[in-house]
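Okay, structure first, notes after.
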Amino acid sequence: MNNNELKKYSAIKDLVDGKKNIEEVKFELSMSDRQIYRLKKKFKEEGKKGFIHKGRGKKSNKKLDNKILKELENLYLTEYYDYSIETFYEEIKNNYKISYDAILKAFKKDDIISPYAHHGTLKLYKENMENAIKDNNQIDEAKVELYETRKLEDEKKHIRKSSNLYGFGQEVQMDSCFDVWFGDIVSALHLAIDKGTKKVLSGQFEYEEINEGYYIILYNMIINYGIPAKIKTDNRNSFSNQDNETDTTQFGVICQDLDIILTTSSNPTSKANVERENGVFKRRLKAELRHENITNINDVNNYLNETFIPKINAKFSFMINHKNYKMRKNNYTNEELNLIISEKYKRLIDNASAISFKGEYYVPVNNDTGEVVSFKFRTECTVIIAYNLELWCKIENTYYKLVKVEKRDTTMTKENENTTTHYTYTPPKEHSWRTNMMLKKESELKDKEKDKK
């Protein structure tokens, strides 16, 4: 019996023996009359045994099985070591009946911590592991390897902050981030983040940071959400030229056509939201792609936009406040967006009503009939590489498809069976031309000799 049980037994025994009255026992045990009478009845029926807790010595139904905890620890160390413990719990909670607090407590007890643990937790963890290594304690190799990894990851850790001062669509930040995201090849992740809600609007993987990557995320953002009021990017050549002018770049012309304000800055803190999101994607997306064994870029883009981005938005982004909603509704058709989100180049029509572009010749044709349309010499036109990579041109506010002119040989040869051989005619020595020339040379030689004398 413990002290509390022994106290109850002694007080009730004194009550039954007449040494104390009920008021004294009530005050001593801080119980009501009904509770005292219940304990008195238990004393008479069971004696001292009745005061011992019935669950003593029995295994609790709520106690977790150590085998399950060990299984989860091994699973985390072998497959999910680069996940945070919270993300790991989200992945396994449907397969195991266990709470997040139970996993966190068990992992902390066994010196398994998240790569994004707080500084105090990480400091205590380092001390425990260093002391255990110095004392030559037997430590699992997987835990030692995890400890070395956590030390390196601590240098890259930062805190993610957010605010909801901007309306949805008031400012969208774009950037790309290079890393070995999948497989063993460096690739670039292009992202578009709304500053007001911290929502990831679109993403696209390319092997390089190229204009097409930004065209794709812009197109998908407009189709799914609308047209933002402002886009903020860095100062790379896709967005700004050497004179810091944005309206002369291909992306700047697109923003002008869509009535979007484009601003650029070389300071990373000016677009802090997309920079932080790059860190979130590095911590979470890289681990998931490795765990899912996705290495093909098309499969990676499908997983990114269909699975990962919706999950990130559900967890981290704010609700859209329609009171300060700044995203304009998209009233363009897909065909119109196909021509707006494109690359445009100025050209002049030549005297054959053709357009020279990238070493080839093209002619404008009617979109309905397919007939070639002729224009005057040196008529100005705009060649358009559409979003779907088709070639179009704009002449006098009208769009025409461009058809390539096939090359053909410009040198023509004519075969003739009765060809004659041409010989060089040489006059004989007795010819008057040759005789006069010889006499002239002899007279010149005689004159030179006389001059010498």
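Any value given below was found using the heavy atoms of this structure, including those in side chains, with hydrogens, waters and symmetry copies removed.
- Here the side chains of Glu277 and Asp175 are not in contact, with every heavy-atom distance at 4.5 Å or above.
- Closest of all the heavy-atom pairs between Leu15 and Asn21 is CD1-C, 3.7 Å.
- Using a 4.5 Å heavy-atom threshold, the side chains of Tyr100 and Lys93 count as separate.
- Of the residues Val383, Ile385, Asp257, the one that meets the side chain to side chain contact (heavy atoms under 4.5 Å, CB included) test with Lys344 is Asp257.
- Between the Arg347 side chain and the Cys393 main chain, no donor and acceptor come within less than 3.5 Å of each other.
- Using a 4.0 Å cut-off between charged side-chain N and carboxylate O, Asp82 and Lys286 make no salt bridge.
- Counting all heavy atoms, side chain and backbone alike, Asp194 lies closest to Gly167 at OD1-O, 4.1 Å.
- Between Cys177 and Phe281 there is no side-chain heavy-atom pair separated by less than 4.5 Å.
- Residues Val274 and Met174 form no side-chain contact, since every pair of their non-hydrogen atoms from C-beta on lies 4.5 Å or further apart.
- Heavy-atom contacts from other residues, nucleotides or ligands closer than 6.0 Å to CD of Glu212 number more than 12.
- Side chains of Ser265 and Asn267: a donor-acceptor N/O pair is absent below 3.5 angstrom, by distance only.
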Original post:
So Met327 and Tyr325, side-chain contact (heavy atoms from CB on, under 4.5 Å) or not? Walk me through it.
Top reply: CA-CA 6 Å; Met327 190 76 76; Tyr325 196 91; 3.6 Å; yes

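- What you find for Cys381 and Ile395 is that their closest heavy atoms are CB-CG1, 3.4 Å.
- Checked against side-chain contact (heavy atoms from CB on, under 4.5 Å), Gln256 has the following partners two or more places apart in sequence or in another chain: Asp247.
- Rounded to the nearest 0.5 Å, atoms CD1 (Ile294) and CG (Asp299) are 6.5 Å apart.
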Original post:
Where do Leu39 and Val25 land on the side-chain contact (heavy atoms from CB on, under 4.5 Å) test, with the steps shown first?
Top reply: CA-CA 11 Å; Leu39 290 176; Val25 175; over 6 Å; no

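- Using a 4.5 Å heavy-atom threshold, the side chains of Phe251 and Leu218 count as touching.
- Between the CD1 atom in Ile297 and the CG atom in Asn302 there is a gap of 11.0 Å [rounded to 0.5 Å].
- Note: Thr264 OG1 to Ile231 CD1 = 12.5 Å, rounded to the nearest 0.5 Å.
- Side chain of Asn301 to main chain of Phe205: a donor-acceptor pair is present (N/O by atom type, distance under 3.5 Å, no hydrogens or angles).
- Using the six-membered ring where Trp is involved, Tyr83 and Tyr80 have ring planes that are perpendicular, over 60° apart on the 30 and 60° scheme.
- Residues Val172 and Pro228 come closest through the heavy atom pair CG2-CB, 3.6 Å.
- The aromatic rings of Tyr76 and Phe88 sit perpendicular to each other, their planes meeting at more than 60°, with 30° as the lower class boundary.
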Original post:
After noting the C-alpha distance and the side-chain angles of Leu191 and Val200, does the key distance pass the side-chain contact (heavy atoms from CB on, under 4.5 Å) rule?
Top reply: CA-CA 7 Å; Leu191 285 179; Val200 184; 4.1 Å; yes

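- Checked by atom type and distance alone, the side chain of Asn338 pairs as donor or acceptor with a backbone atom of Tyr387 at under 3.5 Å.
- Once rounded to the nearest 0.5 Å, the distance linking CG of Asp179 with CG of Asn278 reads 10.0 Å.
- For Asn330 (side chain) and Tyr332 (main-chain N/O), a donor-acceptor pair under 3.5 Å exists by modelled atom type.
- No more than 12 heavy atoms of other residues, nucleotides or ligands lie within 6.0 Å of OH in Tyr361, so this atom counts as exposed by the packing criterion.
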**OP:** List the steps, then state whether side-chain contact (heavy atoms from CB on, under 4.5 Å) holds for Ile355 with Tyr345.
**Re:** CA-CA 11 Å; Ile355 301 167; Tyr345 303 90; over 6 Å; no

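- Ion pair Glu71/Lys67 not flagged as a salt bridge, since none of the NZ, NE, NH1 or NH2 atoms sits closer than 4.0 Å to an Asp/Glu carboxylate oxygen.
- Salt bridge annotation for Glu90-Lys315: present, with a cationic side-chain nitrogen under 4.0 angstrom from a carboxylate oxygen.
- For Phe107 and Tyr89, the ring centers sit 6.0 Å or farther from each other.
- Here the NZ-CD1 distance, from Lys199 to Ile312, works out to 12.0 Å after rounding to the nearest 0.5 Å.
- In this structure, the side chain of Asn321 engages the main chain of Lys323 through a donor-acceptor pair within 3.5 Å.
- A heavy-atom distance below 4.5 Å is not found between the side chains of Glu171 and Asn273.
- Shown here for Phe182 and Thr295, the closest heavy-atom pair between the two residues is CD1-O, 3.1 Å.
- Closest of all the heavy-atom pairs between Gly203 and Ile309 is N-CD1, 3.9 Å.
- Residues satisfying the side-chain contact (heavy atoms from CB on, under 4.5 Å) criterion with Arg236, sequence neighbours excluded, are Glu209, Asn211, Tyr214, Asp234, Ser238, Phe239.
- Side-chain atoms of Glu360 and Tyr362 include no donor-acceptor pair closer than 3.5 Å.
- In Glu208, the CD atom is not crowded: 12 or fewer heavy atoms of neighbouring residues, nucleotides or ligands sit closer than 6.0 Å.
- A donor-acceptor contact under 3.5 angstrom links the side chains of Thr382 and Lys346, judged on distance only.
- With contacts defined as side-chain heavy-atom distances shorter than 4.5 Å, the pair Ile384/Tyr399 qualifies.
- In this structure, the side chains of Tyr225 and Asn220 stay at 4.5 Å or more apart for every pair of heavy atoms.
- The pair Glu91-Lys311 counts as a salt bridge, with a side-chain nitrogen and a carboxylate oxygen less than 4.0 angstrom apart.
- With rounding to the nearest 0.5 Å, the separation of CD in Glu73 from NZ in Lys70 is 5.0 Å.
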